[in-house]
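Contents: one structure, followed by commentary.
Just so you know, these numbers come straight off a predicted model, no measurement behind them.
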Amino acid sequence: MQSQPALAVLDELRSLAAEDDTRLCAAKDRLSAAEAEVSAARSAFESASMRAEVSERVTRRAEELLTPDMTPHTSAPASPHPGPAVQQEPLTTAQEVMAFVRSRGRATRSEVVEHLRLTRPDIKPSSIRRRMSKLFADKKLVRVERGTYALPPTVAEGDA
């Protein structure tokens with residue numbers, strides 16, 4: 001014969017297990033929603049960042065095309081996000097690749113090629129792929145998985 005206290009404990013355990021299961025489902029739903037929000041925010045950031053880079057390059061190229069007497073004497077509007085001064089000389093392909101990988105933490109070869117195809121149409125995709133192979137051979141990029149690259153820890157931390 002089963003004792004009443006044992007049955008009461010069993011009922012209490014079932015109740016706790018059901019409550020924990022409900023909490024787990026709710027936590028999974030919140031986590032899924034948060035991950036979707038982070039993904040959307042990351043996508044929006046990357047898009048805005050890429051557009052800002054392209055706009056900056058187009059502006060610089062347009063300024064270079066204007067003769068000195070045609071250049072407006074007004075200063076450019078200040079960026080709401082202060083950063084390093086705009087370089088007059090374009091970055092090398094290697095510098096472009098390293099900057100893109102650094103900004104993302106890691107990137108696939110196709111992401112790098114697509115980014116540079118949009119921001120630097122003067123660079124051929126084959127040149128970008130060769131430069132990435134050279135950066136990998138020189139240990140300035142590391143392969144984290146097939147087709148995906150990152151900066152080595154010392155470069156990513158700013159030691160090099």
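Residues Glu96 and Arg131 form no side-chain contact, since every pair of their non-hydrogen atoms from C-beta on lies 4.5 Å or further apart. For the pair Leu65 and Arg61, the minimum side-chain heavy-atom distance is 4.5 Å or more. With a 4.5 Å cut-off on side-chain heavy atoms, Val97 and Leu141 count as touching. Side-chain contact between Ser103 and His115: absent, with no pair of heavy atoms (C-beta onward) separated by less than 4.5 Å.
Separation of atoms CG (Leu118) and CZ (Arg51) is listed at 11.5 Å; rounding is to 0.5 Å. Taking CE of Met132 as the reference point, atom CG of Leu116 lies at 9.0 Å (rounded to 0.5 Å). One distance of note links CG of Leu16 with CG of Asp21; it measures 12.5 Å at 0.5 Å rounding. Note that CZ of Phe45 and CE of Met50 are 11.0 Å apart. Values are rounded to the nearest 0.5 Å. Expressed to the nearest 0.5 Å, how far OG1 of Thr92 lies from CE of Met98 amounts to 9.5 Å. Residue Asp122 holds its CG atom at 10.0 Å from OG of Ser127, rounded to the nearest 0.5 Å.
By the 6.0 Å and 45° rule, Arg106 does not stack over the aromatic ring of Tyr149.
Taking each heavy atom of Gly105 and Ala150 in turn, the nearest pair found is O-CB, 3.4 Å.
Linking Ile, Leu, Val, Met, Phe, Trp and Tyr residues whenever their side-chain heavy atoms come within less than 4.5 Å leaves Val142 and Leu151 in two separate clusters. When hydrophobic clusters are built by joining Ile, Leu, Val, Met, Phe, Trp and Tyr residues whose side-chain heavy atoms come closer than 4.5 Å, directly or via intermediates, Ile123 is grouped together with Phe136.
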For Glu19 and Arg23: C-alpha separation, side-chain torsions, deciding distance, then whether salt bridge (charged side-chain N to carboxylate O under 4.0 Å, His left out) applies. CA-CA 6 Å; Glu19 185 179 325; Arg23 286 182 181 178; 2.8 Å; yes
Thr148 and Glu145: side-chain contact (heavy atoms from CB on, under 4.5 Å), yes or no, with the steps? CA-CA 5 Å; Thr148 303; Glu145 57 188 52; 3.5 Å; yes
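Under the 4.0 Å criterion applied to side-chain N and carboxylate O atoms, Asp138 and Lys140 are not assigned as salt-bridge partners. A salt bridge links Arg104 with Glu46; the closest basic N to acidic carboxylate O contact falls under 4.0 Å. Residues Arg60 and Glu56 are paired through a salt bridge, judged by an N-O separation under 4.0 Å between the basic side chain and the carboxylate.
No donor-acceptor pair under 3.5 Å is formed between the side chain of Glu35 and the backbone N or O of Ser32. Checked by atom type and distance alone, the side chain of Thr59 pairs as donor or acceptor with a backbone atom of Ser55 at under 3.5 Å.
For Glu37, the CD atom is loosely surrounded, since the number of other residues' heavy atoms within 6.0 Å does not exceed 12.
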